[in-house]
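What follows is a set of notes on a single structure, which appears directly below.
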Number of protein chains: 2
Amino acid sequence: MWRRKNTLPHFFAMPRVKLFDEKEVLTKAMNLFWKQGYSATSIQDLVNYLGINRASLYDTFGDKEKLFKKSFELYRKQSIDKICQFFESHPNVKEGFSELFKEAILDKDRKGCFAVNNTTELIPNDESCLKILSGNKLDFENLFYEYLKKGQMAGQLKECKDLQALASFLFIIYNGILVVSKIQTNKKELTNSIDLALSLLA
Amino acid sequence: MWRRKNTLPHFFAMPRVKLFDEKEVLTKAMNLFWKQGYSATSIQDLVNYLGINRASLYDTFGDKEKLFKKSFELYRKQSIDKICQFFESHPNVKEGFSELFKEAILDKDRKGCFAVNNTTELIPNDESCLKILSGNKLDFENLFYEYLKKGQMAGQLKECKDLQALASFLFIIYNGILVVSKIQTNKKELTNSIDLALSLLA
DNA sequence: TCGTAAACGGAACAATCGTTCTGTTATTAT
DNA sequence: ATAATAACAGAACGATTGTTCCGTTTACGA
């Protein structure tokens with residue numbers, strides 16, 4: 001069997017390159033889905049906001065659902081990277097969580113958290129998203145757990161706590177903050193609640 | 001100017017009565033919006049699920065947004081009534097919150113909380129919903145506060161706490177539980193977190 | 001320079017969106 | 001019985017949905 005490679009003289013040819021940066025466009029898509037949610041964001045919205053052609057959108061990202069999944073994938077990577085760096089640059093556990101939560105309440109444009117928004121919008125109507133969000137929960141709780149453990153070994157936690165339970169608790173608090181911050185932008189009240197929650201650590 | 005009333009003999013006439021119970025249908029609409037969210041629920045979905053005609057839907061409830069608002073209004077009334085009764089039938093504060101939260105984690109069909117779902121879906125894209133949800137937050141925090149106060153006066157809280165901060169904290173916890181319950185139905189882990197949070201009360 | 005193939009712009013697709021309209025049916029005071 | 005009128009069933013509306021297709025443009029290896 002002969003291969004096509006041999007039969008055609010100019011088989012390999014390079015087409016024109018993309019006129020847009022794929023990751024840059026994906027970041028834009030992420031931000032629009034984040035703000036509007038999956039269902040409320042139309043392809044036309046995306047075409048307008050991303051500034052690329054419909055055909056380019058479909059050629060590059062597949063369909064709407066695929067683009068959404070890729071957007072959320074990017075968000076997950078970014079937020080996990082951010083948390084890791086955040087913990088590394090905050091050696092004290094209690095201070096670290098305090099700063100993390102207090103940063104979360106500065107939600108000027110009320111977008112909340114893309115993961116939390118997806119949880120409430122897409123569960124229980126999208127099975128595949130449940131898997132992703134379950135994984136996301138585990139990732140966060142594990143990060144929280146390791147951070148707590150490091151703090152415990154450094155003697156930052158007074159008593160011997162159930163770190164697993166503490167990690168779950170902190171994840172719940174984090175989710176709660178990310179919901180309530182969309183309603184309430186009064187920093188003072190939320191700060192008090194955070195201090196109250198973190199009094200369980202020391 | 002003569003009035004039409006005088007020119008026609010039988011001006012007042014009663015039409016046929018509704019073949020469906022308005023509140024019953026509204027409850028159904030509430031449940032569908034609750035499960036699917038506002039954007040993901042089409043009029044056709046509603047017509048199928050409610051079992052009434054399109055025209056009847058529009059005649060009775062106005063348009064989609066009005067039906068949604070009425071659905072959520074019904075939900076708010078029901079949940080506030082439920083909380084009031086719940087607190088009245090649970091004289092001990094800590095036990096009351098414990099039971100309330102532990103009831104929330106039994107979310108078999110993963111619908112979550114209609115109010116939380118609406119918060120993440122509709123803010124910041126619907127200004128009128130922000131007002132409603134702000135009011136809802138205040139209502140809940142006030143209910144929590146009064147309940148805490150009653151418990152404090154009954155000597156159920158050891159120290160003299162900042163009850164306002166405690167109420168806000170419990171509202172955040174409640175929201176967090178109502179999000180995470182959609183992902184995690186493992187009761188044990190969530191129960192531990194609830195116990196941890198409520199250790200701040202006694 | 002030339003041919004290839006992907007990116008591009010934009011029209012076009014069927015399906016569905018929320019909403020309105022048109023008759024018909026059914027009820028009740030007269 | 002009759003007239004009036006709202007509820008009913010269902011077709012129809014234009015607009016928008018997500019997606020595909022077509023023809024052109026453009027970059028790059030040969």
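Here the P atom of nucleotide C:dG18 and the CZ atom of B:F68 are 13 Å apart, to the nearest Å. In this structure, B:L57 atom CG and D:dA7 atom P are separated by 13 Å, rounded to whole Å. Rounded to whole Å, atom C1' of C:dC17 lies 12 Å from atom CG of B:L46. In this structure, A:D59 places its CG atom 14 Å from P of D:dC22, rounding to the nearest Å.
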Take nucleotides 10-21 of chain D nucleotide by nucleotide from the 5' end and write B, S or -, depending on whether a protein heavy atom sits under 4.0 Å from the base, only from the sugar-phosphate, or from neither. B------SBBBB
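The phosphate of D:dC8 has OP1 or OP2 within less than 4.0 Å of a side-chain N or O from B:S56.
Relative to the ring axis of A:F33, A:K64 does not place its NZ or CZ within 45° and under 6.0 Å from the centre.
Contacts classified as side-chain hydrogen bond (donor to acceptor under 3.5 Å, both in side chains) and involving residues 131-141 of chain B (residues at least two apart or in different chains) are given here: A:Q184-B:K137, A:E189-B:K137, B:R76-B:N136, B:R76-B:D139, B:K137-B:E141. Residue pairs satisfying the ring pair (Phe, Tyr, Trp, His ring centres under 6.0 Å) criterion with at least one member in residues 161-194 of chain B, sequence neighbours excluded, are listed as follows: B:F101-B:Y174. Every pair passing side-chain hydrogen bond (donor to acceptor under 3.5 Å, both in side chains) that includes a residue from residues 20-32 of chain B is listed here, sequence neighbours excluded: B:N31-B:K111.
Taking the six-membered ring where the residue is Trp, the centroids of A:F114 and A:Y38 are separated by 6.0 Å or more.
Environment of NZ in B:K149: sparse, with no more than 12 heavy atoms of neighbouring residues, nucleotides or ligands closer than 6.0 Å.
Between A:L32 and A:D45, the closest side-chain pair of non-hydrogen atoms falls below 4.5 Å. B:F68 places none of its side-chain heavy atoms less than 4.5 Å from the side chain of B:T41. With contacts defined as side-chain heavy-atom distances shorter than 4.5 Å, the pair B:S39/A:Q36 does not qualify.
Within residues 121-129 of chain A, no residue places a heavy atom under 4.0 Å from DNA chain D.
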Are B:D195 and B:K102 close enough, and set up right, to give a salt bridge (Lys or Arg N to Asp or Glu O under 4.0 Å), and what steps lead you there? CA-CA 10 Å; B:D195 292 341; B:K102 279 169 186 171; 3.3 Å; yes
B:K66 vs B:E73, test: salt bridge (Lys or Arg N to Asp or Glu O under 4.0 Å). Steps then yes/no. CA-CA 10 Å; B:K66 289 205 181 75; B:E73 185 68 19; over 6 Å; no
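Helical stems of DNA chain D (runs of at least 3 Watson-Crick or G-U pairs, donor-acceptor distances under 3.5 Å) are listed by first residue: C:1-30 with D:1-30.
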